[in-house]
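What follows is a structure written as structure tokens; I'll ask about it next.
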Amino acid sequence: MPNIALELGKQSASFGVSSAYGEQQDVDGVRIIPVALSWSGFGGGSDDAGNGGGGGGGWAVPLGAYIRRGDDIRFEPNVVSLLAVAIPFVFFAGRALSRVIRALKK
């Protein structure tokens, strides 16, 4: 039986850069390279009887895109995903900070 961890490692070797930076697209002379924040995890195991299994999962948040027009290149953020991530983060960070301040006052 092959080592599950080695097989998963071989298959996921190209996930990093290709999942964070998409394939470039050329639209009307403008080059667009999408950028995302991605995470993935894998696991596997087996027992003494030779039964084994594995699985994995992940997520990606589109951050924006690099836009190139001629010699000019700039990053344009994806405002919708920024708000989708920032609003819950600010909410929970604010609640945590208020509880820390309240605990320090006692």
### Query
Distance from Ile101 atom CD1 to Leu97 atom CG, nearest 0.5 Å?
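Interatomic distance, Ile101 CD1 to Leu97 CG, rounded to 0.5 Å: 4.0 Å.
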### Message
Is there a side-chain contact (heavy atoms from CB on, under 4.5 Å) between Asn78 and Leu82? Walk through the geometry before answering.
### Response
CA-CA 6 Å; Asn78 182 349; Leu82 178 65; over 6 Å; no
### Query
Under the 3.5 angstrom rule, does the side chain of Ser81 hit a backbone N or O of Pro62 as a donor-acceptor pair?
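Answer holds: yes.
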### Query
Roughly how far apart are Glu76 CD and Ile67 CD1, rounded to 0.5 Å?
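If I round to the nearest 0.5 Å, the distance is 4.5 Å.
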### Query
Which pair of heavy atoms, one from Phe75 and one from Leu63, lies closest together, and at what distance?
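Looking at all heavy atoms of both residues, the closest pair is CZ-O, 3.9 Å.
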### Task
Let me see the working for Arg74 and Arg69 under side-chain contact (heavy atoms from CB on, under 4.5 Å), right down to the final yes or no.
CA-CA 9 Å; Arg74 69 177 189 278; Arg69 290 186 179 102; 2.9 Å; yes
### Val35 reachable from Val61 in the ILVMFWY side-chain graph, under 4.5 Å edges
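Linked within one cluster.
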### Task
Give the minimum heavy-atom separation between Gly22 and Ile33, together with the two atoms involved.
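So the two residues come closest at O-CG2, 3.9 Å.
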### Task
Rounded to the nearest 0.5 Å, what's the gap from CZ on Arg102 to NZ on Lys105? Could you check?
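Arg102 atom CZ to Lys105 atom NZ measures 9.0 Å (nearest 0.5 Å).
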